[in-house]
Every structure is written in structure tokens, then in C-alpha cells.
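Values reported hereafter were calculated over all heavy atoms of this structure, with side chains retained and with hydrogens, waters and symmetry mates removed.
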Amino acid sequence: MENVERFYEFTSPIHKSMENLGINAKTPHNHVIVLLFFPPSVVCMPPDWFDRLSHTINTVRPSFRFIQPAAASYLPNNMPSHLQGWSLAFIIRTTHISLTILFTATMGFSQITLAQTPLTALIDPEPVETLSLQEAVLRALDSNLDITVGRQARDVRLTDIVLQQAQFDPTVELSGQYDRNVTPLNRPIFGFGGVSAGSEPDIIDQNDMRVRLGLNQKLYSGGILDLAFDTNRNSVAGQTGFLFNPSYTNTLSLNLTQPLLRNFGVDINKTQIRIARNAATTEHHVFVDQVLTVIKEVEHTYWELVFTRENEKVAKATLKAAQELFATNRAKVRAGVMAEVEVLQAQAGVASRVEQVLVAQKAVRDQEDQLRRLFSPSEEALRQNIVVLATDTPIQEANTRTLRQEIDLALKQRPEVLQAQKNIETGTLNTTLAKNQLLPSLSFEGGVGLSGLGKRPHDTLDRTSSSDFYNIGGGLILSYPLGNRSAQSQYNRRVLEANQAKALLQRTRHQVIIDTKEAVRRVKTDFKRIRTTQTARKLAEKQLQAEQERFQLGLSTTRVVLEFQGDVAVARGNEQRAIVDYNQSLANLRRVTATALDEYHIVLQ
């Protein structure tokens, strides 16, 4: 506000400069002409800066009107001391006298839009789109292509379970058949009247219609149950001696084939179902492993984006410090108290810092693309330059679980361990089944049935249900291949596979223990790095402050100050690197111990 008041005092001497620009300060409607000055570091503004300034002023005060930029050469020589060296002005006129509001609004706008040199005009604006780590993880799990493939592979295994269960589903059979046989008759037969005199044989014409309804069921004990109902209509053309012509016959039969040695028992016959379930469970563990991998990758990429963003801020802060040093040196050169070479060194420092900002911004954009890639967007979305701003801040608290607790969690929850355990269970099932196949094949086959005969269909049904006519029988069938080498070879193979699965489990547990210990050591080391880098950063800032004081007293040079500014930037970058590395190490530890799902409260169905 003090500068504003002094600015008012300066408005009257500059009317002559306005006349040089062809602008009359005394307009018919008492328009007031105001010059706005900007710091000496301003050399060039972006092409759209004037439009943005005009838009801001019109938003604050619609009656304000932006006229044109004023050349620095038109500024008067008798400028106040606090405005000397300011090189650019903008002429604005308004019908209102509230110049304080105008000046404050415009200066506020100049603070939002950083003063830029031709080099700093290359720097892109800050992004505005926000994304939390939780949102990033959920988006990746929802649409990541690797997750989609893993989920589909798991679902394919689930269909194998139904396939193995389907062999025990009952089968219904319905069939119908019609036959007509016209055959020559050489001699009388039972039920037929005899042979006519002459040289031509008689003809027997039979019509037969059969319908069968059956139900077939494989039992979990290994047996096969067959229930069938047959009905038959038979007629013979001509005069016959049959009791019923046409005649109807019904047969109801129940047959059972049950293995007694090989393939006997519920456990043996459910082996393939259990193996299919184990395969589906194993595929689910593979899917969980893929989910944990994607979560870790999202966390690492997210925190890397945070680091690049912080690194960009450090680069911009270093650039700002170099610009301030450049402005100070130029003012001192104009005052004749500093050599021109100091300005050149400061200007070179600004150019170097601009390069660092550009490199940092490129790293940010690259990391944004890497994070978006994990969301598996469409190709059209990948073509767009969408800026992502991470909103979560990295934590700096120490991990509280002990090494033994982390190892116990890993051995209990790691998908690789659970998968190896299922492989052992599958190996045991295969071995048991192969051992059963070494036995001889001994089966019981038996059946019972009811039958009936009548002139009409309902008569046949009545006689069938009366159980006056029935059949019953059964027997044993024994078979055994000599040598049985095929079954013996298969059994030996299954035993070797089971032993191999046990060895793989032990190896997996050992690897999990090693991985967990390494992850815990990394977490502890990175946590200590945070403290050491913080100390180094504080010392670097104190050294810079001391060197700047020496520079103000003329005891140091611009080159030394720039070097100390670079040391501060490196120290700040190392501190942010250590903080981000610590959070990435925590993410790696959650991956190793398979606790990432619990961390984000995710339940996989």
C-alpha cells in the first residue's frame, strides 16, 4: 500500500510522456490514465499476457478499459527511487477514481502470472487435475489390462470345476423306433395258422413300435446306475394264433455297475473335481499376485510423480533465486557499484536454471503418462495431454512392525506360498489316484426288472405294476493287465511330482524370507536417509544464507552464490528423493508381505 501511495504521487509528472504516446490525459469524461510498472527482471511477456491482463481487469471492474502497453523509452526520467529500473508500463483508463482497487487488482494479477524472460516463457503452466493414491489404485484395478487378463484366466479355471462336476449329472434318454418285417414262411410257427397249399410260401407281416425312456447316472462311489422304461406294440397281419394281436409289452429295468477295487470310493471319484478346484485356487493366487504387482507399480509411479513435481518446485525456486540475483546485480551495475561481468554470470545462472526447470517439467509429463498408462485408457485418451496432479503427501513415520512379524505375514499371505501349498495338495491327490489305478478291476453288475403283456396299453401297465413278471440277476467281473506297467509308470511319476512340489514350497518359503528381510532393511535405510538429507539440506541453506550476506558486503562473487544455490537445490532434491524412496520402500514391503490389499481395504471376489 505504501508503494501505491507513492505511485499516486508519481502520476502527475508523467502526463507529458502520455502525450508522446498520443494519449490525452485530459479526456472529455474525466478518464484517469494510470501507468503500471513491473520489476526490472521483466524483459518480455508472453503473447497472450495483455489479453489475460485485460480480462482480469474487466472482471474486477467492468468499467476499466485496457488501452495499450507503453514503451519503456517514454517513461520520464524523474521516477521515484523505488521505481527506478522498472522497465515496462501499461496504460489503463477508467471513469472511476478508485485507483487503489485498480492498482491492487492488477498487481495481484502480476503476482499470479510470473514475470518471464524470453527463456522462462518456455516453461509450461502448473497442472490443475488432481488424483489421490487411493483413486489411482482403484482406477488401475478397475481397468488395468494385466488385471483384466489375470481375472479372465482365473475365471477360465472356474469353468473346469463345473466341467468335472458335470460327469455326475444325470442323463435322460428318450428314443422311438418303428419296424415292419414282411418275410416268407416255409412252415407253420407258433401263433401262425400254417402253410397254404401250392408252390408259393405264405407271408408273415409284422409291425413293431418301440419307445424307450431312460435315466443314466454316474455315482460318486464310481458306479453307473441305469433306469429304463420300454414299451412295445407288436402286430402281425392276417389270421394268427397269438393270444394278443396286437400286443403291448412294457419293461421296467434297473441296472447297476459298481467298481469294487479300482475307481471305487467317493474320494477317488471326486479327485478330478478337487484338482480342478485347486487349479482354480492356484489361478486365483496368481491373480492376487498380479493385483499386488499392479498396486506396487501404481504406488511407485505415483510417488515418482510426487518426486518429479517436488523436483520441479525446487528447480523453479532455484530459478527464482537466480532471477533475483540477476535483478540485484543489474541494479548495482546501473548504480556503478558492480562490474558488468557479475550481471553476465547471473544471467548465465538464470539460463542454466531455466534448463533445469524444463528438464524437470519433462520428467513430470513423462511420469504422468506412465501413471495414466497403468489405467489402460483408450488410445485416443493416451494421445491427449492430460495433466495429473498428485494430492497425497508422502509419509515420514517409521514402520512399527518387527522383522519377525513381517516374515510371519509374508509366509502366511504371499500368493506364491499359498500357490505352492496348493500344488502339494494337488500332487497328493494325483498320487492317491495313481495308486488306486494299480489295483485290479473288479466290478459288480446286476439288475432287476418288471414286465407285463396285454391287449391294451393300460392292461400292460397293470400287469407290470403287479410284479407278477420280473427278472433279477447279478455277477462279478474281474480283469487285470499282466505287468500293469502303464499304471505303475504313472504312479511313479506322480510320486516324483509330489516330492518336487514339496521341494518347491520349501524353496519359495526361503525366498520369501530373504525378500522380506531385504525389504525391511530397505525401509529402515530409507527412513534414516530422510533424517540425514534433512540435516544436509538445513546446513546447505545456512551456508547459502551466510554466502549471500558475504555477497551483500562485497566479500563474495556471483559465481560462488550460484554454486551455493545449486548446492541447496541438490540438497532439497536429495531430501525429496529420500522421502519418496521411503514411501516406495513401504510399497515394496507391502508387496513382499502381501498386505497391500488390507492397506486399501480391497476384497477380491
Side-chain angles (χ1 to χ4, degrees), residues 146-169 218-223 259 261-293 407-441 484-516 591-594 597 603-605:
D146 294 334
I147 295 295
T148 302
V149 172
R151 184 185 295 112
Q152 291 173 347
R154 180 198 60 180
D155 294 342
V156 168
R157 288 295 185 181
L158 293 176
T159 62
D160 292 340
I161 300 176
V162 180
L163 179 64
Q164 295 299 327
Q165 291 175 335
Q167 62 180 317
F168 297 99
D169 292 344
K218 183 177 180 180
L219 305 177
Y220 284 109
S221 63
L261 292 178
R262 186 191 300 174
N263 298 325
F264 171 75
V266 175
D267 292 338
I268 293 298
N269 287 278
K270 281 189 173 182
T271 297
Q272 295 301 330
I273 296 178
R274 293 172 179 171
I275 291 175
R277 285 176 176 170
N278 286 350
T281 303
T282 299
E283 198 64 45
H284 177 74
H285 292 320
V286 174
F287 173 65
V288 172
D289 185 77
Q290 185 64 53
V291 169
L292 294 174
T293 300
I407 292 176
D408 291 340
L409 280 173
L411 293 177
K412 179 181 178 181
Q413 300 184 176
R414 274 285 287 271
E416 297 94 322
V417 176
L418 300 177
Q419 181 179 352
Q421 292 173 348
K422 279 298 176 183
N423 289 339
I424 290 179
E425 183 178 339
T426 299
T428 302
L429 291 172
N430 282 324
T431 303
T432 302
L433 179 61
K435 185 177 181 180
N436 177 264
Q437 299 304 303
L438 296 174
L439 299 174
S441 176
N484 203 18
R485 291 191 301 171
S486 176
Q488 186 65 49
S489 175
Q490 188 71 7
Y491 173 72
N492 293 337
R493 177 178 180 176
R494 297 306 186 187
V495 170
L496 293 175
E497 290 176 349
N499 293 334
Q500 183 184 38
K502 293 178 182 179
L504 289 176
L505 172 62
Q506 196 63 30
R507 188 181 70 176
T508 302
R509 290 176 64 89
H510 288 174
Q511 187 62 46
V512 167
I513 293 174
I514 296 300
D515 292 344
T516 305
R591 170 65 181 88
V592 170
T593 57
L597 296 178
V603 178
L604 300 179
Q605 298 295 335

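The nearest pair of heavy atoms linking Phe287 to Gly150 is CD1-C, 3.4 Å. Between Ala594 and Gln413, the closest heavy-atom pair is O-NE2, 2.9 Å. When all heavy atoms are compared, the tightest approach of Ile275 to Asn430 is CD1-OD1, 2.8 Å.
Listed by first then second residue, pairs satisfying salt bridge (charged side-chain N to carboxylate O under 4.0 Å, His left out) with a partner in residues 262-278 read Asp267-Arg274, not counting sequence neighbours. Listed by first and then second residue, the salt bridge (charged side-chain N to carboxylate O under 4.0 Å, His left out) pairs involving residues 429-440 amount to none (not counting sequence neighbours).
Note: Asp155 CG to His284 NE2 = 11.0 Å, rounded to the nearest 0.5 Å. To the nearest 0.5 angstrom, Gln272 atom CD is 6.0 Å from Leu433 atom CG. A distance of 7.5 Å separates OG1 in Thr271 from CG in Asn269, rounded to the nearest 0.5 Å.
Taking 4.0 Å as the cut-off between side-chain N and carboxylate O, Asp515 and Arg591 do not count as a salt-bridged pair.
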Show your working on side chain to side chain contact (heavy atoms under 4.5 Å, CB included) between Ile268 and Phe264 and close with a plain yes or no.
CA-CA 7 Å; Ile268 293 298; Phe264 171 75; over 6 Å; no
Walk me through whether Thr431 and Thr428 qualify under side chain to side chain contact (heavy atoms under 4.5 Å, CB included).
CA-CA 5 Å; Thr431 303; Thr428 302; 5.7 Å; no
Using the rule given for side chain to side chain contact (heavy atoms under 4.5 Å, CB included), can you reason through Val512 versus Thr516, listing the C-alpha separation, both sets of side-chain angles and the distance that settles it, and then say yes or no?
CA-CA 6 Å; Val512 167; Thr516 305; 4.0 Å; yes
Starting from the C-alpha separation in whole Å, work towards a yes-or-no answer on side chain to side chain contact (heavy atoms under 4.5 Å, CB included) for Leu418 and Thr282.
CA-CA 8 Å; Leu418 300 177; Thr282 299; over 6 Å; no
Begin from the C-alpha positions of Gln437 and Asn263 and carry the test side chain to side chain donor-acceptor pair (under 3.5 Å) through to its verdict.
CA-CA 7 Å; Gln437 299 304 303; Asn263 298 325; 2.8 Å; yes
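Using a 4.5 Å cut-off on side-chain heavy atoms (C-beta onward), Pro415 and Leu292 make contact. Between Arg414 and Thr593, every side-chain heavy-atom pair lies at or beyond the 4.5 Å cut-off. Contact check for Asn423 versus Leu505: no side-chain heavy atoms found under the 4.5 Å cut-off. Two residues are said to be in side-chain contact when any heavy atoms from C-beta on lie closer than 4.5 Å; Phe168 and Ile273 meet this criterion. The shortest side-chain heavy-atom distance between Leu429 and Asn278 falls under the 4.5 Å cut-off. Between Leu496 and Asn492 the shortest side-chain heavy-atom distance does not fall below 4.5 Å. Looking only at side-chain heavy atoms (C-beta outward), Thr281 and His285 come within less than 4.5 Å of each other. In this structure the side chain of Ile147 reaches within 4.5 angstrom of the side chain of Arg151, judged on heavy atoms.
Checked by atom type and distance alone, the side chain of Ser489 never pairs as donor or acceptor with a backbone atom of Arg485 at under 3.5 Å. Side chain of Glu283 to backbone of Arg157: no donor-acceptor contact under 3.5 angstrom is found. Judged by distance alone, with hydrogens and angles left aside, the side-chain atoms of Gln167 form a donor-acceptor pair with the main-chain N or O of Gln164 at under 3.5 Å.
Contacts of Ser221 classified as side chain to side chain donor-acceptor pair (under 3.5 Å), with partners at least two apart in sequence or in another chain: Gln258. A search for salt bridge (charged side-chain N to carboxylate O under 4.0 Å, His left out) contacts involving Arg493 returns Glu497, not counting sequence neighbours. Scored by the side chain to side chain donor-acceptor pair (under 3.5 Å) test, Thr148 finds no partners at all (sequence neighbours excluded). The side chain to side chain donor-acceptor pair (under 3.5 Å) test applied to Gln419 returns no partner, not counting sequence neighbours.
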